Engineer: 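Once you've had a glance at the structure underneath, I'll fire off some questions.
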Amino acid sequence: MKSLVIAQLTFREGLRKKLVWGVLLLSVLFVVLYVWGFHLFVEDWRQMEARRAERGVPPAGTYEIFASAMVLLGLWTVNFLSGVMTIFASVGTIASEIDAGTLQAIVPKPIRRWEIVLGKYLGFAGMLALYIVAMVASVILTARVVGDYTPPNVVQGTLLILLVSLILLSLTVFGSTFLSTVTNGVVVFMLYGMAITGGLVEQVGTALDNDLLIRIGVISSIVVPSDSMWRLASYLFQPRLAVNFLGPNPFGTTTPPSAFAVQYAVAYAFVLLLAAMLVFRKRDL
Amino acid sequence: MTATGSAPSQARPVSVVPVIESFGLRKVYGDRVAVEDLSLEVYEGEVFGFLGPNGAGKTTSVKMLVGLIQPTAGTARILGRPLGDLEARRRIGFLPELFRFHDWLRGEELLDLHGKLYGMSREERRRRIPEVLELVGLAGVGHLRVRTYSKGMQQRIGIAQALLNNPRVVFLDEPTSALDPLGRRDVRELILRLKSEGVTIFLNSHLLSEVESVCDRVAIVNHGRVVATGPMSELLSRELTVEFRLGALPDGVVGGLAAYVQVETVADGPRPVVVARAADETAIARAVDYLVRAGAPVYGVVPERRTLEEVFVDIVSREGAEPR
């Protein structure tokens, strides 16, 4: 499978990018701060519980809600960082190689053009999967070790965060088959931002019971389903108690997207990848 | 250039097995025609020179043949297979004009990557990579990153990449553009060596002396179409200029000579010299015969073979420099 040769090259190339290292450094910093923050939260909670016990007040019983909120904040950050990393790592993947001319010696080799696109996709997807798994694991382990709390549905939630990245990756790779690196970066980032804002608008709409705002959110999640998949992940990552307590909020949702929405998002990523292959097949280099 | 410069083409019969065949390849960008009609045949084992002024469509033509550009119309076959055929590509080598590689890789890693793309096994790659590095004069620097290479070394590794798979056909697009005179000589020798191994070479170059010294046949393209093609020796001797060194020049001889050759200059004196253009060698023989009969002793007939440059300039300027 020639795609794997390209995937390997892409993976190695990705690791050479300063931006990727920037995100990794930021991520390490985040994890350190997160562990510290979680530790402070747990300390505070224990002192509060101790004071309540002194006064003879029964335990609040809401520890799970707040621990879950801490986890949600951590995972939201992971989701955001991996989204940014996805876009910036892959933004010029094909466009910049066309500009640089490095594809001119690759394409005439006995490899099909779609295999090149697929290989690049797999290379980035592998890199992102490693990153996401490591980051989610850091957050979950912190909650478990420091806070003695384990969120539900860890596997499904992690896969959904990965799906968010794959949606953005498909979008970025597709764009890079016909847009310049800079244009592609601007367009994809705007779409990403729109998806996040659309998700917020939907939450506001739910809180205010405003149909128009909800509809805007739904439309934005059809255009780019990345944020809706995050919201489903966040819903799954929390115990029902926490979801109901928090209500509509910037980081989660009370009305999780349906199974159809997940199917749509998977198809979305797949179709855009196919479209990227088709466009690149005809592209003059 | 001496007559011996193009001797190889005369000494060795040209194979009749076409390795590259193109039929009316055409590329249009919007309303700009980059390649009007590329129809040519390149035979097995020959070094084929592809010449033309800047913008004539040389690189576009090569790119269509190696699958980088989709032709607007027309077809082509390489090694008997249609364009883009993976089996044919396995036996094709290509050095792009703008040779830019993933320069963060070490030289050996770059070749390993390209070897994998050719589908070569680990053992093949391990054996072949040092071989090609040696072949292009990069032995000993394979462990350095390509970024640290000079332009000439990068071009050499580009050539190494194109030869990795022991190709049957090699497309070289300006292979010596970044090389110094010594490097150019190396490449010339390399081409002749490949030719001796029976490899077909499609050489796209604007260095006419280079083409003249290695190519068996050439095609000259202008405005996106082939305007002249043929064996190098034929192209060069298509119109011969000869200098007749005479013992005397009786009256009327110059006029009579015009029946055989086209007289260009006459230098009268004790040893008259007549420079004339002849259509072919027979015409020269007839002219000599006439001169002797007319009482002009012929002391010498010096053919002035035209260089490829002169032929090229002649053909291209006749075609007109402005695109139609």
Side-chain angles (χ1 to χ4, degrees), chain A residues 1-21 89-90 92-120 122-124 127 176-178 181 276-285, chain B residues 27-29 34 59-60 62-72 78 83-105 109-120 145-147 154 157-162 164-165 167 169-171 173:
Chain A
M1 189 64 171
K2 296 275 169 59
S3 288
L4 294 181
V5 178
I6 301 291
Q8 205 185 358
L9 179 74
T10 307
F11 189 97
R12 280 188 66 183
E13 193 164 22
L15 287 186
R16 289 191 63 260
K17 289 210 164 68
K18 285 198 183 74
L19 184 122
V20 170
W21 282 100
S90 66
T93 184
I94 288 175
S96 71
E97 287 217 51
I98 291 174
D99 289 346
T102 48
L103 280 173
Q104 299 215 349
I106 304 275
V107 170
K109 294 283 185 308
I111 180 170
R112 295 180 205 282
R113 286 199 179 189
W114 64 260
E115 291 179 306
I116 296 176
V117 176
L118 180 65
K120 285 181 169 294
L122 291 177
F124 285 122
M127 189 172 93
S176 83
T177 57
F178 61 96
T181 303
M277 290 172 175
L278 280 174
V279 173
F280 186 61
R281 206 166 73 102
K282 294 277 173 210
R283 178 88 199 245
D284 286 334
L285 304 174
Chain B
K27 184 65 193 182
V28 181
Y29 294 103
T59 292
T60 307
V62 175
K63 283 183 167 181
M64 282 195 281
L65 290 173
V66 299
L68 286 169
I69 290 180
Q70 310 277 331
T72 312
I78 294 177
L83 286 185
D85 180 85
L86 293 196
E87 201 43 55
R89 284 185 174 188
R90 227 178 287 281
R91 293 178 288 154
I92 293 175
F94 171 56
L95 172 72
E97 182 185 17
L98 296 166
F99 47 97
R100 277 288 306 278
F101 301 105
H102 298 95
D103 60 5
W104 45 275
L105 291 170
E109 290 175 333
L110 181 74
L111 294 180
D112 198 56
L113 166 73
H114 287 269
K116 282 182 194 164
L117 290 174
Y118 272 125
M120 296 165 72
R145 290 192 193 283
V146 175
R147 193 188 308 120
Q154 295 200 10
I157 198 124
I159 296 172
Q161 161 274 134
L164 202 55
N165 56 331
V169 193
V170 182
F171 291 87
D173 197 351

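Computed over heavy atoms, backbone and side chain alike; hydrogens, waters and symmetry mates excluded. Chain naming here is simple, since letters A, B, ... match the order of the sequence lines and numbering starts at 1 in each. Just so it is clear, the model here is predicted, and its values are computed rather than measured.
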Engineer: Below 3.5 Å, can you tabulate the donor-acceptor pairs from side chains in residues 91-100 of chain B to any protein atom, sequence neighbours excluded?
Structural biologist:
{"from": "E97(B)", "atom 1": "OE1", "to": "T59(B)", "atom 2": "OG1", "distance (Å)": "3.0"}

Engineer: Going by heavy atoms in the side chains, are H102(B) and E97(A) under 4.5 Å from each other?
Structural biologist: yes
Engineer: By a 4.5 Å heavy-atom criterion (distance strictly below it), what part of R12(A) contacts chain B: side chain, backbone, both, or neither?
Structural biologist: both
Engineer: Counting heavy-atom pairs under 4.5 Å with chain A, which one of I69(B), V66(B), L117(B) comes out on top?
Structural biologist: L117(B)
Engineer: Considering only heavy atoms, which portion of I6(A) lies under 4.5 Å from any heavy atom of chain B: side chain, backbone, both, or neither?
Structural biologist: side chain
Engineer: Could you check I116(A), T102(A), I98(A) and say which one makes a side-chain contact (heavy atoms from CB on, under 4.5 Å) with V107(A)?
Structural biologist: I116(A)
Engineer: Give the member of R283(A), Q8(A), K282(A) that has the highest number of heavy-atom pairs under 4.5 Å with chain B.
Structural biologist: K282(A)
Engineer: Using side-chain contact (heavy atoms from CB on, under 4.5 Å), reason through D112(B) and L105(B) one step at a time and then give a plain yes or no.
Structural biologist: CA-CA 10 Å; D112(B) 198 56; L105(B) 291 170; over 6 Å; no
Engineer: Measuring heavy-atom distances to chain A, does K116(B) have an atom under 4.5 Å in its side chain, in its backbone, in both, or in neither?
Structural biologist: both
Engineer: How about W21(A): does its CH2 atom have over 12 heavy atoms from other parts shown lying under 6.0 Å from it?
Structural biologist: no
Engineer: Within a radius of less than 6.0 Å around CZ of R112(A), do more than 12 heavy atoms belonging to other residues, nucleotides or ligands occur?
Structural biologist: no
Engineer: Give, as side chain, backbone, both or neither, the part of Y29(B) having an atom under 4.5 angstrom from any heavy atom of chain A.
Structural biologist: side chain
Engineer: Please look at E13(A) and chain B and tell me whether the side chain, the backbone, both or neither of the residue comes under 4.5 angstrom of a heavy atom of that chain.
Structural biologist: both
Engineer: When you compare the side chain of F280(A) with that of L285(A), does any pair of heavy atoms fall below 4.5 Å?
Structural biologist: yes
Engineer: Quick one: which of R281(A), E115(A), R113(A) has the most heavy-atom pairs under 4.5 Å with chain B, could you say?
Structural biologist: R113(A)
Engineer: Find the one option among E87(B), H114(B), Q161(B) whose heavy-atom pairs under 4.5 Å with chain A are most numerous.
Structural biologist: H114(B)
Engineer: Which of the residues D103(B), L86(B), L68(B) is involved in the greatest number of heavy-atom pairs with chain A at under 4.5 angstrom?
Structural biologist: L68(B)
